[in-house]
Amino acid sequence: MAKTKISRMRNIGIVAHIDAGKTTVTERIIFYTGKSHKMGEVHDGEAVMDWMPQEQERGITITSAVTNCNWNNHEIHIIDTPGHVDFTIEVERSLRVLDGAVVVFCAVGGVEPQSETVWYQADKYGVPKIAFINKMDRVGADFFGAIKMMADRFNSTPLAIQIPLGSEEHFEGVVDLIGRRVITWNEASQGLSYAYSDIPDSILAEVNEQRDKLIETLAEVDDALADKYLAGAAISIDEINNAIRKATLSLKVVPVMCGTALRNKGVQPVLDAVVQYLPSPEEVPPLKGVNPVTGAEETRASSEKEPLAALAFKVMQDEGRKMTYVRIYSGSMKTGVEIYNASRRKKEKVARLLKMHANKRERVERVGAGEIIAVIGLKDTTTGDTICDEAHPILLEPIDFYEPVISQAIEAKTPSDQEKLTTALVKLMEEDPTIRVKYEDETAQTVLSGMGELHLEILIDRLTREFNAHVNVGRPRVVYRETIQKTVETEGRFEKELGEKTHFGHVKLTLEPSERGSGITIFRQMEEPLLSEEFLAAVEDGIREATLSGVVGGYPVVDIKVWMTGGSFRDGDSTVLGYRIAAATAFRNGCQAADPILLEPIMMVDIITPGEFIGEVIGDINARKGEIQAVMAKGPVSEIRAKVPLRALFGYSTDLRSATQGRAVFSMQFLAYDRN
């Protein structure tokens, strides 16, 4: 039976820890599929997918870039994501709309901290994965060591479908365990041509052993294969491939491959594996959502015959125009038609549809289910909004955002800069939901909050370059939280005449400290007749408003259980406003009396350092009031994991370089808010 267009489609993300080689892998993919006729290199600042000036200068990916290409008569949509923890929202929102992922690991570093983060993000959305162990030509490359780390760190089964032929400077190619053949690449053709050959006798025994292990692992998760394996019957290549595909789609195994993208070896088999083992939009479980009118749960299968359902997952400013990236799950979309934003309950008009290749585009008139597209003309749509057919509305689960942990005061240099700054910040916040902006009346400064020092640095650079808004910058500051240490009972009363009407509200609350990370939870313990639903909702609103600014330093309040225990009602005078203000007053008074304290962001820091500097690095972490969690030897280098307060990490990269002659590297990610 001929394959349908949608069954020949793959939506994949390339994800990894910073510097594992994601963008280099993506550059090779678009070169080998004929999408690009020149191989861009990250280190030259010429990678097609790293098109922002800040990406080219720093040699890192900052924003996820979308492209599409063709391989073996299949259309592959690819999102190349950042590896730096400061831009983890880019990975989160990409994985939310993708059907499969290629996770790239460094053969030397193995499973690094951000690899774990992206792996768990993929697991959260049930995204099937294949793994590519890159940099096999590097000194210290260890294919089986990386696989062991994957098995130890992740709740999944890595399945080696290739093994390397040689290693480090002797890396020549790969051995295909399924087809029992060697694949080598012609370096003169930039890896465009490759050849198959027989397995040398010297490694035949190892290949047979690894192939048996592959079939044994598959037999554990596939009953049909297990029966043949136990009966000692011959198992065909097609049967192995079908079993791998089934186990990959059900998240039971992760096929593992290897190569060196920079030396142009190993990329084409990854494309074959994407087509062979990762799902088409049809094979992903039907999308679940809620009908905003009836409240009933509904599903949408990935088909153009179904009503339109799509998710806006990214907003970008493009030459002053707003461009919204959308994943279409069902139905179709045409230029010039009206669509419905179910999240905002507004109609929008599609002005243009664009197929993206990094920052280049191709206009199309119509797109259908399974496609990832950029739309111009959606004025009110923002990240996480559901777009659908108004006659068949559906509301999809929105995208989770992260709270910023670091802030910096900025002020415009001139009045004309102030105007540009206001416009620029609105546009940047639309693009990146992890940015927060707050204006402080007392200091007349704008406070910009983000996910890390690099995040803020990039934002300020973009303000100057893209929006010509010149600013003075203050020192980065930590964003704290507040909580309480003991249980208290509190009450608030409000009675005031405003515009010929008396507003009355009276409420009693009990506040109790809660475990870290639990947020604010509100329980109703009043006798039902005491207050109507309208006034109870007003009390909850008042409490939520009061949590935005605490009593110690004006920081948001977290980790408290609040019980609404009582209050009083006065006929004719009780109002929604009265109860809201009374509740906010009661909450603040209660916090004041309950030993309020500040909580600070604690980061998990991961340092890779040569063995001879372990003492200096650990001593420095202790001096910063850090807490060492683990020290693991990895050949000539060691990995140190520690919990350190964020305030002690400003400028740490410079100090670490000085202490280790520039040979250690580190990454950090937010762990929790806590006392230190």
- Validation row: V254, L159 side chains within 4.5 angstrom (heavy atoms): no

- Query: Where do I215 and T217 land on the side-chain contact (heavy atoms from CB on, under 4.5 Å) test, with the steps shown first?
  - Reply: CA-CA 5 Å; I215 293 170; T217 307; over 6 Å; no

- Task: Compare every heavy atom of A20 with every heavy atom of A16, then report the nearest pair and how far apart it is.
- Result: CB-CB, 3.8 Å

- So, are D137 and K265 salt-bridged, with charged N and O less than 4.0 Å apart? no

- Verdict with supporting geometry, E92 and Y125, side-chain contact (heavy atoms from CB on, under 4.5 Å): CA-CA 9 Å; E92 180 84 24; Y125 294 118; 2.6 Å; yes

- Query: So, does T67 use its side chain to make a donor-acceptor pair with the main chain of I78 at under 3.5 Å?
  - Reply: no

- Message: Apply side-chain contact (heavy atoms from CB on, under 4.5 Å) to residues L251 and S156 and explain how you reach the verdict.
- Response: CA-CA 8 Å; L251 307 183; S156 59; over 6 Å; no

- Cation-aromatic face contact R327/Y325, 6.0 Å, 45 degrees: no

- Query: Passes salt bridge (charged side-chain N to carboxylate O under 4.0 Å, His left out), R138 versus E169? Steps please.
  - Reply: CA-CA 7 Å; R138 287 267 297 273; E169 71 266 32; over 6 Å; no

- I76 versus T33: any side-chain heavy-atom pair under 4.5 Å? no

- Which heavy-atom pair separates M149 from V111 by the least distance, and what is that distance? CE-O, 3.4 Å

- Item | Under 3.5 Å side-chain donor-acceptor pair for D432 and T434 | yes

- Task: Decide yes or no for M257 and I161: does some side-chain heavy atom of the first lie under 4.5 Å from some side-chain heavy atom of the second?
- Result: yes

- Query: Quick one: does N186's side chain have a donor or acceptor within less than 3.5 Å of a partner on G191's backbone?
  - Reply: no

- Query: Does any N or O in the side chain of Q162 come within less than 3.5 Å of the main-chain N or O of C258, such that one atom is a donor and the other an acceptor?
  - Reply: yes

- Note, I372 side chain near V326 side chain (heavy atom, < 4.5 Å): no

- Task: Verify, without hydrogens or angle tests, whether R181 (side chain) and D198 (backbone) share a donor-acceptor contact under 3.5 angstrom.
- Result: no

- Item | Value rounded to 0.5 Å, distance of CD in E75 from CZ in R8 | 9.0 Å

- Query: For A131 and F105, which heavy atoms make the closest approach, and how far apart are they?
  - Reply: CB-CE1, 3.9 Å

- Can you measure from CG (L95) to CD1 (I79) and round to the nearest 0.5 angstrom? 8.5 Å

- Message: Measuring only between side-chain heavy atoms, which start at C-beta, is D99 closer than 4.5 Å to L278?
- Response: no

- Where the side chain of S167 meets the backbone of F171, is there a donor-acceptor pair that is under 3.5 Å apart? no

- Query: How far apart are the C-alpha atoms of R93 and T383, what are their side-chain angles, what is the distance that settles it, and do they pass the side-chain contact (heavy atoms from CB on, under 4.5 Å) test?
  - Reply: CA-CA 9 Å; R93 57 186 177 185; T383 304; 3.4 Å; yes

- Query: Can you tell me how far the CD1 atom of I387 sits from the CD1 atom of I394, to the nearest 0.5 Å?
  - Reply: 13.5 Å

- Is it true that the side chains of H170 and E168 contain a donor and an acceptor less than 3.5 Å apart? no

- Message: Please give me the minimum heavy-atom distance between V275 and R10, naming the atom from each residue.
- Response: O-NH2, 2.8 Å

- Test: K246 and E283 ion pair at under 4.0 Å: no

- Item | Closest contact, heavy atoms only, V182 versus P200 | CG2-CD, 3.9 Å

- Query: With no hydrogens and no angle check, is any side-chain donor or acceptor of E206 less than 3.5 Å from a backbone partner on I203?
  - Reply: no

- Task: For the residue pair L308 and S332, establish whether any side-chain heavy-atom pair is separated by less than 4.5 Å.
- Result: no

- Item | Backbone N/O of A261 and side chain of R28: donor-acceptor pair under 3.5 Å | yes

- Task: Mark yes when over 12 heavy atoms from residues, nucleotides or ligands other than K124 sit less than 6.0 Å from its NZ; otherwise mark no.
- Result: yes

- Give a yes or no on whether a salt bridge exists between K288 and E397, defined as a side-chain N under 4.0 angstrom from a carboxylate O. no

- Ionic contact status for R300 with E298, cut-off 4.0 Å: yes

- Item | Within 45° cone of Y277 ring axis and under 6.0 Å: R245 NZ or CZ | no

- Kindly compute the distance separating CD (E220) from OG1 (T157), expressed to the nearest 0.5 Å. 7.5 Å

- Message: Tell me the closest heavy-atom pair linking P164 and F143, and the distance in Å.
- Response: CD-CD2, 3.4 Å

- Task: Walk me through it: do D123 and K129 pass the test salt bridge (charged side-chain N to carboxylate O under 4.0 Å, His left out)?
- Result: CA-CA 9 Å; D123 279 350; K129 301 169 280 290; 2.7 Å; yes

- Task: Mark yes or no for whether Q210, through its side chain, and V207, through its backbone, hold a donor-acceptor pair below 3.5 Å.
- Result: no

- Task: Would you mind checking if R180 and D176 are paired as a salt bridge, meaning a charged N to carboxylate O distance below 4.0 Å?
- Result: no

- Message: With no hydrogens and no angle check, just 3.5 Å: does a side-chain donor-acceptor pair link H77 and N68?
- Response: no

- Message: Using modelled atom types and a 3.5 Å cut-off, is there a donor and acceptor pairing between side-chain atoms of T248 and backbone atoms of I244?
- Response: yes

- Task: Keeping the roles fixed (side chain from D385, backbone from T381), state whether a donor-acceptor pair exists under 3.5 Å.
- Result: no

- Query: How long is the gap from CD1 on I640 to CE on M632, to the nearest 0.5 Å?
  - Reply: 9.5 Å

- Take atom NZ in K252; do more than 12 heavy atoms of anything else shown fall under 6.0 Å from it? no

- Message: Do K314 and M316 make a side-chain contact, defined as non-hydrogen atoms from C-beta onward lying under 4.5 Å apart?
- Response: yes

- State whether a side-chain donor-acceptor pair under 3.5 Å links Q268 with W71. no

- Task: Decide yes or no for I240 and R211: does some side-chain heavy atom of the first lie under 4.5 Å from some side-chain heavy atom of the second?
- Result: yes

- Task: State plainly whether the residues E304 and R366 are in salt-bridge range, i.e. N to O under 4.0 Å.
- Result: yes

- Query: Could you state the interatomic distance from CG (N291) to SG (C388), rounded to the nearest 0.5 Å?
  - Reply: 9.0 Å

